[in-house]
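Note sheet for the following structure.
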Amino acid sequence: MDITQKLHTLKSSLPPHVTLVAVSKFRPVEVLQQAYDAGQKIFGENRVQELIAKYPLLPSDIQWHFIGTLQTNKVKYIVPFIDTIQSIDSLRLLKEVEKQAARINRRIRVLLEVHIAGETTKHGFGLGECLNLFLENQSDAYPHVIFTGLMGMATFTDDTGQVEREFARLKGLFDEIRQSGRGGDTFTELSMGMSDDYPVAIRNGSTMIRVGTRIFGERKM
Ligand SMILES: *Cc1c(COP(=O)(O)O)cnc(C)c1O
């Protein structure tokens, strides 16, 4: 199957409330253009240098999502055009996004990345820390940030039960924030699920999946 077919097969298998972010890291612009021509408008990238090299070469109605580790000193390069930063993993980074967005008078959509995996290598907010940000009204301190939801990555394991529990924990936090009303009307996205675990994620309440390999094939990195 070529990219067009893979995209259509994947999209037609998704429930209507689930948004697909095509993860295009390490793929050349021709490949992204092909996916765009097949109707895909949302792309995810995880490196600033690569993203700023690609975006001027592609159609301007693409919604770019940043999904990787973001260094605070690089925030300024992406705020002028980024649609959503999915990987806000610390208050320090959140503050820098607020600062840079204010500077150019833009409001940036963000997802808070929450640490749900067993491994210590994956970063993000603790569940309690994330909840408090809303319950203690700390989120009011970021007028140039639109909090659109949460993002999480499960442990890389064949143990589906574990993956399921990790996603369910994030869904629980998401619901708690929504029920508190402190996330506002815009707090609607739960980004979880990649090529290997997106069906489990969707079963557990995902509204947004981030898929690369299943669309574009195996990556070198
Ligand atoms: C690379 C990446 C993905 C996509 O991974 P695939 O296994 O290729 O689908 C999703 N989310 C994040 C944060 C990634 O870095």
Side-chain angles (χ1 to χ4, degrees), residues 1-3 5-11 13-14 18-29 31-32 34-35 38 40-54 62-71 74-75 78 82-90 93-94 97 109-125 130 148-160 162-163 166-167 170-171 174 189-221:
M1 279 201 289
D2 67 10
I3 289 168
Q5 283 173 306
K6 281 185 183 157
L7 253 177
H8 285 158
T9 306
L10 175 58
K11 271 195 173 163
S13 75
L14 299 177
V18 175
T19 301
L20 171 65
V21 177
V23 175
S24 50
K25 59 190 187 196
F26 305 114
R27 316 286 176 179
V29 287
V31 168
L32 279 76
Q34 213 180 326
Q40 182 62 30
K41 297 284 156 70
I42 309 177
F43 291 88
E45 289 281 341
N46 72 342
R47 294 195 308 182
V48 170
Q49 287 311 318
E50 187 176 343
L51 175 55
I52 61 181
K54 280 174 173 174
I62 286 181
Q63 292 172 31
W64 293 101
H65 284 217
F66 196 82
I67 62 168
T69 306
L70 181 55
Q71 288 170 289
K74 296 202 173 147
V75 170
I78 65 170
I82 202 78
D83 178 84
T84 300
I85 302 175
Q86 294 209 5
S87 43
I88 299 290
D89 60 1
S90 70
L93 181 57
L94 186 60
V97 172
R109 281 198 268 267
V110 309
L111 302 181
L112 299 178
E113 181 173 353
V114 180
H115 179 95
I116 51 168
E119 304 123 87
T120 50
T121 50
K122 287 188 178 149
H123 30 171
F125 286 93
C130 182
T148 51
L150 304 178
M151 187 270 258
M153 274 182 278
T155 304
F156 185 69
T157 171
D158 290 335
D159 182 351
T160 309
Q162 182 178 351
V163 172
E166 291 172 358
F167 284 149
L170 188 58
K171 165 71 165 145
F174 178 68
E189 300 293 353
L190 182 54
S191 173
M192 50 186 204
M194 314 179 13
S195 289
D196 288 334
D197 58 16
Y198 76 87
V200 186
I202 291 173
R203 276 208 299 282
N204 285 279
S206 172
T207 68
M208 183 173 274
I209 60 172
R210 309 174 311 273
V211 176
T213 312
R214 187 165 285 254
I215 302 167
F216 301 116
E218 290 298 329
R219 271 186 308 272
K220 295 272 157 45
M221 298 171 78

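Just follow the structure's listing: the first ligand is 1, and inside any ligand the first atom is 1.
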Worksheet item: Of all the non-hydrogen atoms in the protein, which one sits nearest to atom 9 (O) of ligand 1, and at what distance?
Response: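 Protein heavy atom at minimum distance: Ser195 OG, 2.5 Å.
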Worksheet item: Nearest to atom 13 (C) of ligand 1, what protein heavy atom do you find, and at what distance?
Response: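 Looking at atom 13 (C) of ligand 1, the protein heavy atom closest to it is Ile67 O, 3.4 Å.
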Could you check whether any heavy atom of [X] sits closer than 4.0 Å to an atom of ligand 1, since that is the contact criterion I want to use?
X	answer
Arg219	yes
Asp196	no
Lys25	yes

Discussion item. Does ligand 1 come near enough to Gly212 that some N or O of the ligand is less than 3.5 Å from an N or O of the residue?
Written reply: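 Such a contact does occur with ligand 1.
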Discussion item. Any nitrogen or oxygen of Asn46, side chain or backbone, less than 3.5 Å from one on ligand 1?
Written reply: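 N/O-N/O distance under 3.5 Å: no.
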Worksheet entry | Test item: Glu50 and Phe26 side chains (from C-beta on) under 4.5 Å apart, heavy atoms |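 Counting from C-beta outward, Glu50 and Phe26 do come under 4.5 Å.
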Worksheet item: Side chain or backbone of Met153 under 4.0 Å from ligand 1, or both, or neither, by non-hydrogen atoms?
Response: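 Answer for Met153: side chain.
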Worksheet item: Just by distance, with hydrogens left out, do Gln86 and Ser191 show a side-chain donor and acceptor under 3.5 Å apart?
Response: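 Checked: Gln86/Ser191 side chains pair up, N/O donor to acceptor below 3.5 Å.
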Which atoms form the tightest heavy-atom contact between [X] and [Y], and what is the distance?
X	Y	answer
Ile209	Met192	CG2-O, 3.6 Å
Ala201	Gly193	CB-CA, 3.5 Å
Thr213	Ser195	N-OG, 3.4 Å

Discussion item. Please identify which of these residues, Thr148, Thr207, Thr19, Thr84, meets the side-chain hydrogen bond (donor to acceptor under 3.5 Å, both in side chains) condition with Glu189.
Written reply: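 Testing each of Thr148, Thr207, Thr19, Thr84 against Glu189, the sole residue satisfying side-chain hydrogen bond (donor to acceptor under 3.5 Å, both in side chains) is Thr207.
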Atoms in ligand 1 with a heavy atom of [X] nearer than 4.0 Å:
X	value
Thr213	6 (P), 7 (O), 8 (O), 9 (O)
Val211	9 (O)
Arg210	4 (C), 9 (O), 10 (C), 11 (N), 12 (C), 13 (C)

Discussion item. Using only atom types and a distance under 3.5 Å, with no angle test, would you say the side chain of Thr157 pairs donor to acceptor with the backbone of Asp159?
Written reply: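 Side chain of Thr157 to backbone of Asp159: a pair is present.
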